[in-house]
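The basis for the numbers below is simple: all heavy atoms, side chains too, and nothing from hydrogens, waters or symmetry mates.
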Amino acid sequence: RLRKWQERIRTKDAGERNLQFALSEIDRMASALGVPRSVREVASVIYRRALKEDLIRGRSIEGVATSCLYAACRKEGIPRSLEEVAEVSRVDQKEIGRTYRYVAQELSLEMEPVDPKQFVPRFASELDLNEETIAKANEIIDISAEQGLLSGKSPTGFAAAAIYAASLLCNEKKTQREVADVAQVTEVTIRNRYQEQIEAMGFE
Amino acid sequence: MTDPKETINIENVVASTGIGQELDLQSVAMDLEGADYDPEQFPGLVYRTQNPKSAALIFRSGKIVCTGAKSTEDVHESLRIVFDKLRELDIKVEDEPEIVVQNIVTSADLGHQLNLNAIAIGLGLENIEYEPEQFPGLVYRLDGPEVVALLFGSGKLVITGGKEPEDAEKAVDKIVSRLEELGLLE
DNA sequence: GCTTTAAAAAGTAATAT
DNA sequence: ATATTACTTTTTAAAGC
């Protein structure tokens, strides 16, 4: 009986230590990504729910913690791409993506598709773009998305192309490579999305 | 207007069977031309048929998986070839081993572009998976028939997980009527 | 969970020309 | 700058780690 009692305490301690580790990892990654405290809090809440629902069994604590942070960023409207999150995690992008889908499904997070416009402020800031160019990029995203061009496309590539197009239209040109670097997509993707968006906007 | 059901095309049929006899894959690999066997990498021996085109995974237990065929008939034809090849190696094979179709992969075309964002909301975020950052298709799991559909912005789709061709037809009917009642087709 | 096999869908990416 | 090749998702059995 004494043994069982000790084992319970040991398990409880181990569980507590694991939770602390997960939360400190979320904190570390959140800091590295530069997201506000509210995002860390949301990520912590999601992680505790995942723990309660026993979703961590068979998965790494770090993987689940990273996925919760990725989901939290989206929930808070300031998404980070999987690639960006993977850069501050020791778990690879592929595992983060599949763990995120599992957690989102099991906890019924009902994640909405990412709106490309949510990447514009951050990318534009890194490129030192004017308010006018930012507004133009958002307009391009809205109009081309309304015409059905967004289906199946990655939100970062879509946002990057709109920013590139807006920078040309507002005489504040950035090269495809500059935009590609901040959005972490290839120039080929920007070129492809750009062509479709320009056509949708009625330019050409 | 073309009925989407008529655009259904079977792309792959997976089936399992067995010869009811244990096999020494090492010797089969030596005698069977074109056999790929690397037990360190995978326990099954891979044997490809040309006509019809398919790949058979042959296991030590004598169980066999056939994949890549374009129809149930091709599955039987491919396996008949595999059985005969094994018999040529003096391996006893039952006259007509039972062949069970495990999965049928189908493609089809709804004939209209799809707004996957609207469909995700319409079908219910809890019923679908749509992560365009990871994959361009929207994953929709049906209740009956029990299949999984991948919907694309082009209006084309993939239906997988079915055991018979009718499953794909039922699935297309259900998807079309659901999208129509949501007013999301066209 | 992973390993292997086949196949489609469309997007993205890495490499070749 | 464009063309190829390759990988992402889903499904399914098999035997073994």
- Contact class for R98(A) (heavy atom, under 4.0 Å): base, sugar-phosphate, or nothing? sugar-phosphate
- Side-chain ion pair, E129(B) and R141(B), N-O less than 4.0 Å: yes
- Query: How would you label the contact of R59(A) with the nucleic acid (heavy atoms, under 4.0 Å): base, sugar-phosphate, or nothing?
  - Reply: nothing
- Task: With P as the reference atom in both, quote the distance from dT9(D) to dG1(C) in angstrom, rounded to an integer.
- Result: 13 Å
- Mapping V148(B) and I64(B) onto DNA chain D by nearest heavy atom, which one lands closer to the 5' end? V148(B)
- On DNA chain D, check which nucleotide each of K63(B) and R101(A) is closest to and give me the residue with the more 5' one. R101(A)
- Task: Could you check whether V158(B) gets within reach of a base, just the sugar-phosphate, or nothing at all, counting any heavy atom under 4.0 Å?
- Result: base
- From the options dT10(D), dA15(D), dA7(C), select the nucleotide whose nearest atom is closest to the side chain of V105(B). dA7(C)
- Atom CZ of R177(A) and atom P of dA13(C): how far apart are they, to the nearest Å? 11 Å
- Given the C1' atoms of dA9(C) and dT2(D), what is the spacing between them in whole Å? 23 Å
- Query: Which nucleotide sits closest to the side chain of R48(B): dT2(D), dA6(C), dT11(D)?
  - Reply: dA6(C)
- Message: Students often get this wrong, so: under 4.0 angstrom with heavy atoms, is V185(A) touching a base, only sugar-phosphate, or nothing?
- Response: sugar-phosphate
- Item | Donor-acceptor pair present, T67(B) side chain and dA6(C) base, under 3.5 Å | yes
- Query: Which nucleotide in the list dA7(C), dT9(D), dA13(D) gets nearest to the side chain of K94(A)?
  - Reply: dT9(D)
- Message: Ring of Y70(A), cation from R80(A) - is the NZ or CZ under 6.0 Å from the centre and inside 45° of the axis?
- Response: no
- Check: T160(B) side chain, dT10(D) base, donor-acceptor under 3.5 Å: no
